[in-house]
Amino acid sequence: GQQLNQSPQSMFIQEGEDVSMNCTSSSIFNTWLWYKQDPGEGPVLLIALYKAGELTSNGRLTAQFGITRKDSFLNISASIPSDVGIYFCAGHFQGAQKLVFGQGTRLTINP
Amino acid sequence: SAVISQKPSRDICQRGTSLTIQCQVDSQVTMMFWYRQQPGQSLTLIATANQGSEATYESGFVIDKFPISRPNLTFSTLTVSNMSPEDSSIYLCSVGDREGSPLHFGNGTRLTVT
């Protein structure tokens, strides 16, 4: 079926470390999106990717749309306390209107 | 991006009752969707709110349980009917400019059913 597999489910890191998370699917995507959700709030869009191979940065965040169009990664460099939260990948499958979400990666940072 | 306001932000309801959640956007939007986020889980699409016509529901969600209205391009409501504790979730309104565009989310309605 149309599923996104996001990993890792959780990460416990030290402040200043780099972070990497990814999403994979057996289906082809037309878009890949990365969101962050803080407690008590809705998801906020971080990065949107539209083309295979596209590499896009937003400050300390970098994301890439995989060449096969079936995967994407998000990297966060030099993590800071405000990076704590849940990160979701999401995407539009080829030929589908709806946006589907990965299971999320919960990031915890030890000061 | 559009500013999305949801009301109420949270509620505690008795089982068997119904709750209507409102979503107001500060600009006209083409696409409006309702998602559910169960505790500690990801987001699951409930339905697409179509302006002037019946909503399009995803597998596992039905109109009798989750009736949706969308009278214009800036407003929609989701009703959670005949609630049970299993309906305790965050319900999120989201909007998009066009098909395939990123969605922007409201802050959600945190529903607890006792």
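Residue numbers start from 1 in every chain, and the chains themselves are labelled A, B, ... in the order their sequence lines are given, proteins ahead of strands. The basis for the numbers below is simple: all heavy atoms, side chains too, and nothing from hydrogens, waters or symmetry mates.
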* A/Gln37 vs B/Gln37, side chain to side chain donor-acceptor pair (under 3.5 Å): CA-CA, chis, key distance, verdict -> CA-CA 12 Å; A/Gln37 186 175 29; B/Gln37 187 175 25; 2.8 Å; yes

* Side chain, backbone, both or neither of A/Leu99 within contact of chain B (heavy atoms, under 4.5 Å) -> both

* Determine whether more than 12 heavy atoms belonging to other residues, nucleotides or ligands lie under 6.0 Å from atom CD of A/Gln9. => no

* To do: Enter the distance from A/Tyr35:OH to B/Leu103:CG here, rounded to the nearest 0.5 Å.
  => 5.0 Å

* Among the options A/Gly91, A/Ala48, A/Gly104, A/Gly40, pick out the one with the most heavy-atom pairs lying under 4.5 Å from chain B. => A/Gly40

* Answer yes or no: are there more than 12 heavy-atom neighbours, outside A/Gln14 itself, under 6.0 Å from its atom CD? => yes

* **chain A contact via B/Leu43 - side chain, backbone, both or neither, heavy atoms under 4.5 Å** => both

* Side chain / backbone / both / neither for B/Gln6 at chain A, heavy atoms under 4.5 Å -> neither

* More than 12 heavy atoms from other groups under 6.0 Å of CZ on B/Arg110 -> yes

* Are any side-chain N or O atoms of B/Ser42 and backbone N or O atoms of A/Gly102, one a donor and one an acceptor, separated by less than 3.5 Å? -> yes

* Tell me, yes or no, whether the heavy-atom count around A/Arg60 atom CZ, taken from other residues, nucleotides or ligands under 6.0 Å, exceeds 12. => yes

* Measure the shortest side-chain to side-chain distance between A/Pro43 and B/Tyr35 over non-hydrogen atoms and say whether it is less than 4.5 angstrom. => no

* Give, for atom OG of B/Ser101 and atom CG of A/Leu45, the distance between the pair rounded to the nearest 0.5 Å. => 10.0 Å

* Structure fact -> Most contact-rich option vs chain A, by heavy-atom pairs under 4.5 angstrom, among B/Gly108, B/Gly100, B/Gly106, B/Ser9, is B/Gly100

* Does A/Ile47 belong to the same Ile/Leu/Val/Met/Phe/Trp/Tyr cluster as A/Leu4, with side-chain heavy atoms less than 4.5 Å apart forming each link? -> yes

* Cluster question for you: counting only ILVMFWY and a side-chain heavy-atom cut-off of under 4.5 Å, with indirect links fine, are B/Leu19 and B/Phe66 together? -> yes

* Asked: Are there more than 12 heavy atoms of other residues, nucleotides or ligands under 6.0 Å from atom CD1 of B/Ile12?
  -> no

